[in-house]
Amino acid sequence: MSPLTILLLVEASAIGLILFGAPPKKVSMAAAAVNFLLSLWLYVQFPAGLGGYQFVESHNWIALSGLPDIRYHVGVDGLSLPLVLLTTLVTLAAVWVAPAQIKRAAEFYSYLLLLSLGALGAFVSLDLFFFYAFHEFALIPTFLLIGIWGTENRQFVSIQLTLYLGLGSLVLLAGIIALLGALPAGARTFDIPRLTEYLRENPLPPNQQLLPFALLAAGFGTLVSLFPFHSWAPFGYASAPASAAMLHAGVLKKFGLYGLLRVAMPLLPGGAEAWKPWILALLLGNILFIGFSTIAQKELPAMLGFSSVMHMGYLFLGLACWNVLGISGVVFLMVAHGLSAALLFAVAGEVRERAGEIRFSELGGLARRMPFVAVAFLVGSFASVGVPGLANFPGELLIFFGSWRSQPLFTAVVVWGIVISAVYQLRAVRSVFYGDLPQHLIQANDVEGSGRIPYMLLMAALLILGIWPGTLLGVVGSGVRGFLSLY
Amino acid sequence: MHEGLWMIAAPEVILVAGGVFLLLAESLAKLESKAVGVLVLAVHLIAGLCLLPFITTRAVIWDGLYTWDRFAVSGKAFFLVVGMLVTYLSLEGEAKVPAARAEFYILPLFCTAGMALLCSVRDFVLLFVALELVTVTLFVLVAYRRSDPASLEAGAKYLIVGGLATAFLVMGIAYIFGATGSTQFDAVAGFAESEGVGPVLLFGLAFLLVGLGFKAAAVPFHIWAPDVYQGAPTPITAYLSVGSKAAGFVVLLRVFLLPFWNTDFQRHWVPLVALLAALSVVLGNLAALPQRNIKRLLGYSSISHAGFLLIGVASHSFLGFASVLYYLMAYLAATFTAFLVLVLLEREKGGETIADLSGLAQRSPLLAWSMALAMVSLAGIPPLMGFFGKLLVFLAAWESGLHFLVIVGVAAAAAGIYYYVMVVRAMFWSDPVHQGPIAVHPATRGLLLALNVGSILFGFYVKPILALAAGAVVGSGG
Amino acid sequence: MAWLLLLAPLVSAFLVWVAFRRHPRASQAVSITASLITFLTAIGIALGKIEAPASLAWIDLPGLRVEIGMTLDSLARLMLLMVTGVAFLIHVYSLGYMAEDPGRGRFFGELSLFLASMIGIIVSTNFIMMYIFWELVGVSSYLLIGFWFEKNSAADAARKAFLANRVGDFGFLLGILTFWATCGTVAFDPAAARGLAGNSLAPIAALLLFCGCIGKSAQIPLHVWLPDAMEGPTPVSALIHAATMVAAGVYMLCRIFFVLELSPEALSVIAWTGGITALVAALIATQQNDIKRVLAYSTMSQLGYMVLAVGCAGTTAAMFHLTTHGFFKALLFMGAGSVLHALHHEQDIWRMGGVGRKMPLTFATFGIGAAALAGIPGLSGFFSKEDILQTAAQSKPALFWIAALTAALTAFYMTRITLVAFLGKPRTEVATHAKESPLVMGIPLIILAGLAIVAGYPFFGILHYLGAQESAEKSLLVPAASLTAVILGLTAGAVGYGRATRERIVIPLLERKFYFDEIYDWTILKLQEEAARLLAWIDQWIIGFFLVRGGAFLVSLGGEMLRLLQAGNLREYAFFFALGAGGILLLLFGH
Amino acid sequence: MGTVTLGHYLVLSGLLFAIGLAGVIIRRDLLIMYMCLEIMLNAANLSLVAFSRFSQQIRGQVLVFFVITVAAVEVAVGLALLVSLYRMKRTTKAEEITALKF
């Protein structure tokens, strides 16, 4: 029984307990805390030196002649462990931030835990079937979370989000099937390590890699809101309840990138190379097109939604350049963006709840009434803008260095993104927290007492990773080197 | 094989005997209809028990008409389960069938017998007889509520189109007989092997496919489905959507596995079935989008699932046929859950439209969650059985080179998610239209839980169901 | 031991942020002790008692190794002394200046953060470490300018400062990337720079790196944020926008001079940028009425001088002027601060007048500072400016004459504000009741005044410390020209504003700051707003509505059409059935 | 004129089948539709008998009996349905029963 399975069981049993009447917030907080501590313990135990998968547990799930075998195969390496850590931390923060007496609390917390369970399952499983199935856990809970507890025009937004992600995951399913279909009968397996092993010895002929990679890239791209497939994300996050937005934008979105990193690019290098110009062009759309549209946003949550879509551009750049620097940057930035996006969405939730207002034109001077929330927003904003001393900077730096050698001019344009993000992020700080306090916001009060701890957790994580990236880069670096040495 | 093996055919015999006995008993002793229902359940159980000892035997009896192998056994077990579930639905829906005389319970016995017979068919004559037994009983059951114009209209439509299909079927069989000189499956296979596929044989195959297409409700023979699903009493709609469709596919598998298996035939029917599959998937999912009446929506959904099943059949491979069987089991669990919830709602004077479902989550979480899980499984979202079924079917199709079909299937499935999500939305988002919790009999509660847990568990831990399906296909060589 | 330089202020900033924000007394104490520790360590390092510590690997991946270490060569030691010294004086001064401000705890925390990042820049051993602290300085200046965040103007000024710096940092990062790509390392390693020598990328890399300096040291075109930065409290202006932060740009140029000298074209561009900035700033300064804005433009002008010096390959001259300028400009700002403190934040010089009699100490020290800045012989300003003029004369004569003209203008506007503010009759009610600031603000003024006088002379040893050899052929033309320029400026100032009661000559071009702000607002900001609105519109309507919902509409339209197929009429069903059968026949017999 | 070959029978049964099919499509009255269905089934019977006669295989004719019984059953159910429909709606026209649509 690998500790990873324990992680999954803890969350699953928490959901069970909630459905049988246990107090929802307490149970989910307990489960999230246990999981976070367990993942920290895992991190400490993780032997950074050698690459390969640790804490492996594998049972034979289906082994029938004629059908690719499916195994319950869990394990983490330098790439997925940081994401597990991110998931457990953001889950703890998201559950903590959620109000205890929310309507239909049991359902709310069980859906939240389902989201987190889906992400966790996806990051630990090394079998394509479970990898895909776990992620899909989150589709309906997100729909219900946004639909029932969401805010303005939640009806339309949640349906659009669910259908869009449904389409994305089905395209992804087609991609997986195309990938497996392209292999000779004997080698067909859902097991990622064995697939990687096999495809390293005898890679598919390039023309056979085009269609599977295109489908996988489109599927993962939609789940990660790559440029043209992003319409679901910004307003989906804007009208989602704070905790759901934290989990979805912070954690679940990384599934697509992790998928590209673990499945699409290593198994189909020829396809990746062939489609690279397209991916580069699209990620430019993310950085510039979405970057500028973010500047024009008039509401705080929508702006944060757009901003999280814009940041995906960096991650795709890191993936496209496919070298140790780029990939380590991607893994690091995934964690960092997860933390900063979670923090910002939590603050947006607080502002919406305590000030009762989200439009920039109506807000202002909240720093006087809500100093702690202002500091949290400032830290989150500086992190997402990529200021050194906070986690995003090392990630972005590595990606820029990783991709500079192969396409300097292109990277230069992408680096301009740091100015765009500074423009819209500081505009938000200025119009929400600085300036004079309008009359109708006088009664807004600050987050008090234990409510501050989730924010402090996220801020501490951002600071620690920012000041000393070595804490994570040690694990990530060796993991990536081991990972890339396979190709 | 001496005739002494008669006992093997016990399930069909028991069902028919039970049916006749109950008919007599009911007309003489005026039994109360609920009691008859329970008795019918008992008959099904007895038939099931008789099945157990003969699971591993393999035999071909009645001068090659009737075969008994693992495929037949699992088929019969499947249809017995379907029979019991329909009877249970009728028991639950008691109030809605005013003139609920006992026939409403007894007729499905004959229908199940016909379906069980179909599983062991090895000859076109037996095929025709068994198929007609099923179809005709369903004619009566669909039009059972004489006081309700919709039921009558549905019955009339089902009868006319059914009649047409039967005519085509018989003409097909005639031409196949004419071309090969025999109605035995293995004789036809031998003929095709030696003489190849002539135009007459092809003509016969075409007409045969028309007849079977009607049964499976695949496009372009789906015309009857939406209206009949909407009009028929809910238990019968369930029976149609699962029982009759499964019967159609069992026959299709039997027919394609033995007589039409050689490559010469396949060159003809594979592209044809692939086209039917694509059309059904697209039409089923698209036409369901604007639907508001749930039974009509499930009608279109059944057409789309016929399409997905046809994708499995079109991939003409071991994995393809195994995936069809697995998909049918997933479809069984999901559809019956949905219809059980519908029946319970109808009893609480609730209508059949999606609006009537609104706020169900607050009125009765169990029902809401069961219906939601059924919808999600039909939509093919993991971790439910529906998803794994689709995964298998797509994988089989891709391996046998039908790449375009998989893409069309995926696109249609994506479009299809909308109407399933609409049902979930109505139940979980809006506030209840009809007030008050819904009384659910403990046994029904148990059944719902079993179906839900089964749908999730076997969606993840697929080994037992899949082994059953694969074994069946392997076992059907006879 | 040397790590204390960085750790002390960082720890103090963290402590203030986490614990002491609500107790000003404690945070002041922590922050001042941290500043004192850095000053003492700097002295220890200068005296050679403390060695540079081993460097730590911040990022160590194949292809990129970033270290956090310390270079403590003479350049760094001089800068450390100046920065920590001035910073300590300003901390003391702030005790008095911020005495009655409720948020002063937060203020001192942010001062410590700034001090840490400034020291970080000085001691950094490689480009990335410098870039890290470069941005952190930008962040702390954002926090400090926006200290009174209730004031809309302060909030906007803070944002403007950060964005301008950010644009500069963008260029700086590109420069680092180019350098790294060609030389393979990010460390300040002249040997590695060989890779860049003949390369055509050299001027590009140099100019990109120079962008960082343009942003930070407020050179044209990224200078618009400095005057607005005066919104911050005066100690902030004194520390950041006079002595230290803005000087970081020049220090960076000197530190990476081994890259700049590889391309003469880049050097001339740098020199000309410096020259033009100096001239333009001096011209604008002559027409400003707000005492802090005049000093801000004067800082910009002096920075122009230093950049000019670096452009003419006179790094020692630049550093010399940087140090002396640090002293007397901090003095001038603190003097102005104590005047504002006394006049309840009245900043317009025409509403002051006759303050000198009421505040003799401030007047005296401010006078010394003004004289040093104007370049009156005998004071530190004269020597360092002389040095720059020498280097300019030797390499680029045209720039020498611009520099000389700017020297005259400097003298002119300094006499203008000194006369108008301190002499003559008090023009407003508040000016009449001005009284001398408390001693805690006075002492730093006196110390700095002393330094302003003494710093220029050789015995103080700045030049010696920088290791500059006496260059033999000093053309006599330079001292003559600079002396006449100073005299001209002084007399013009005295004549113009001896007994003036209101501004007589108003040149709108200068008064409106060459309309830079308007041009920027109209071009960059407008362009950006329009582009943003257009793209957001496209995203919402073309992609969001048209493509996505359009697609969904087509699908539902298809559904609608197929639905209508089912017309309910039995005979049509039979017809469709027959059609289907026919279709199958056709297909089977078709191919 | 030559003897009557299998082909002639098949042509006749094909014609009958087509007439039956056309009848179901064109005629409005349900009763007539039932009759047309009967015609189609009998066409199939004809071809069955013809095939079994010419190929000397008795099995074909066995199937004819089943087809006849099924046809009878079908009509019986159809008429019962028609009666209850008539009692309900006073009509047997196919146009009247179009409540279930779209």
Side-chain angles (χ1 to χ4, degrees), chain A residues 19 60-68 70 72 103-104 106-107 111 118 121 128-130 132-140 143-144 146-148 150 154-155 158-159 162-183 185 188 190 211-212 215 219, chain B residues 317-320 322-323 326 361-362 365 369 372-373 375-376 379-384 387-388 390-403 406-407 409-418 420-422 424-425 427-430 459-463 466-467 469-471 473-474:
Chain A
L19 290 187
N60 195 336
W61 203 253
I62 302 155
L64 284 159
S65 67
L67 180 75
I70 294 178
Y72 173 73
K103 65 174 168 143
R104 292 161 80 175
E107 286 177 69
Y111 297 150
L128 269 179
F129 170 69
F130 284 96
Y132 182 82
F134 267 115
H135 174 261
E136 288 304 300
F137 265 31
L139 191 64
I140 294 302
F143 171 66
L144 294 175
I146 298 178
I148 300 169
R154 60 177 185 280
Q155 303 267 0
S158 61
I159 294 170
T162 310
L163 290 186
Y164 217 123
L165 289 186
L167 177 67
S169 12
L170 277 167
V171 167
L172 177 59
L173 181 67
I176 291 175
I177 288 167
L179 171 68
L180 289 181
L183 298 172
R188 250 178 232 133
F190 277 97
L211 181 61
L215 287 172
Chain B
S317 62
F318 158 71
L319 177 61
S323 61
Y326 179 86
Q362 275 131 30
W369 266 100
L373 280 177
M375 288 300 126
V376 167
I381 295 172
L384 293 149
F387 159 71
F388 195 76
K390 280 200 171 70
L391 174 68
L392 278 182
V393 160
F394 288 146
L395 200 57
W398 190 278
E399 272 168 18
S400 49
L402 300 163
H403 298 192
V406 171
I407 303 282
V410 162
I417 297 178
Y418 175 77
Y420 293 118
V421 158
M422 279 302 106
V424 172
R425 182 184 87 132
M427 290 192 298
F428 280 82
W429 280 8
S430 25
F460 240 133
Y461 184 64
V462 285
K463 188 196 266 288
L466 199 57
V473 176
V474 166

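All chains are named by letter (A, B, ...) in the order of the sequence lines, taking the proteins before the strands, and each is independently numbered beginning at 1.
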**Fill in**
Under 4.5 Å to a heavy atom of chain B? For L180(A) that would be side chain

**Message:** I'd like to know if the side chain of Y132(A) and the backbone of S169(A) have a donor-acceptor N/O pair within less than 3.5 Å.
**Reply:** yes

**Request:** For chain A, find which of H403(B), E399(B), Q362(B) contributes the most heavy-atom pairs closer than 4.5 angstrom.
**Result:** E399(B)

**Asked** Below 6.0 angstrom between ring centroids: does that apply to W61(A) and F130(A)?
**Response** yes

**Asked** Side chain, backbone, both or neither: which part of L391(B) has a non-hydrogen atom closer than 4.5 Å to chain A?
**Response** both

**Portion of L211(A) that has a non-hydrogen atom of chain B nearer than 4.5 angstrom** = side chain

**Asked** Top residue by heavy-atom pair count (under 4.5 Å) with chain B, among G147(A), A133(A), P68(A)?
**Response** G147(A)

**Request:** Please work out which of the three classes, parallel, tilted or perpendicular, describes the rings of F387(B) and F129(A), given edges at 30° and 60°.
**Result:** parallel

**Prompt:** Can you say whether L163(A) sits under 4.5 Å from chain B via the side chain, the backbone, both, or neither, judging by heavy atoms?
**Reply:** side chain

**Asked** Where the side chain of K390(B) meets the backbone of G409(B), is there a donor-acceptor pair that is under 3.5 Å apart?
**Response** no

**Message:** I'd like to know whether I159(A) forms a side chain to side chain contact (heavy atoms under 4.5 Å, CB included) with F143(A), so could you lay out the CA-CA distance, the side-chain angles of the two residues, the decisive distance to 0.1 Å, and finally the verdict.
**Reply:** CA-CA 7 Å; I159(A) 294 170; F143(A) 171 66; 4.0 Å; yes

**Message:** Does any backbone or side-chain atom of F318(B) lie under 4.5 Å from a heavy atom of chain A? Answer side chain, backbone, both or neither.
**Reply:** side chain

**Fill in**
One should read off an interatomic distance between I177(A) CD1 and W398(B) CH2, to the nearest 0.5 angstrom, of 8.5 Å

**Fill in**
Under 4.5 Å to a heavy atom of chain A? For I381(B) that would be side chain

**Asked** With only heavy atoms counted, which part of L173(A) is less than 4.5 Å from chain B, the side chain, the backbone, both or neither?
**Response** side chain

**Complete:** Greatest number of non-hydrogen atom pairs under 4.5 angstrom with chain B, of E136(A), H135(A), E107(A), falls to E136(A)

**Prompt:** With only heavy atoms counted, which part of Q155(A) is less than 4.5 Å from chain B, the side chain, the backbone, both or neither?
**Reply:** both

**Prompt:** Once you round to the nearest 0.5 Å, how far does CG of L167(A) lie from CD1 of I417(B)?
**Reply:** 7.5 Å

**R154(A), part contacting chain B, at a heavy-atom distance under 4.5 Å** = backbone

**Asked** Where on V421(B) is there a heavy atom nearer than 4.5 Å to chain A: the side chain, the backbone, both, or neither?
**Response** both

**Y72(A), part contacting chain B, at a heavy-atom distance under 4.5 Å** = neither

**Request:** Please flag which part of L183(A) lies under 4.5 Å from any non-hydrogen atom of chain B: side chain, backbone, both or neither.
**Result:** neither

**Message:** With rounding to the nearest 0.5 angstrom, report the CZ to CG distance, F394(B) to L170(A).
**Reply:** 7.0 Å

**Request:** Please assess I407(B) against L215(A) for the test side chain to side chain contact (heavy atoms under 4.5 Å, CB included), listing each intermediate value before the final yes or no.
**Result:** CA-CA 10 Å; I407(B) 303 282; L215(A) 287 172; 4.1 Å; yes

**Request:** With a 4.5 angstrom heavy-atom cut-off, could you sort out which part of L319(B) is near chain A: side chain, backbone, both or neither?
**Result:** side chain

**Prompt:** Under 30°, 30 to 60°, or over 60°: which ring-plane class applies to W369(B) and Y111(A), parallel, tilted or perpendicular?
**Reply:** tilted

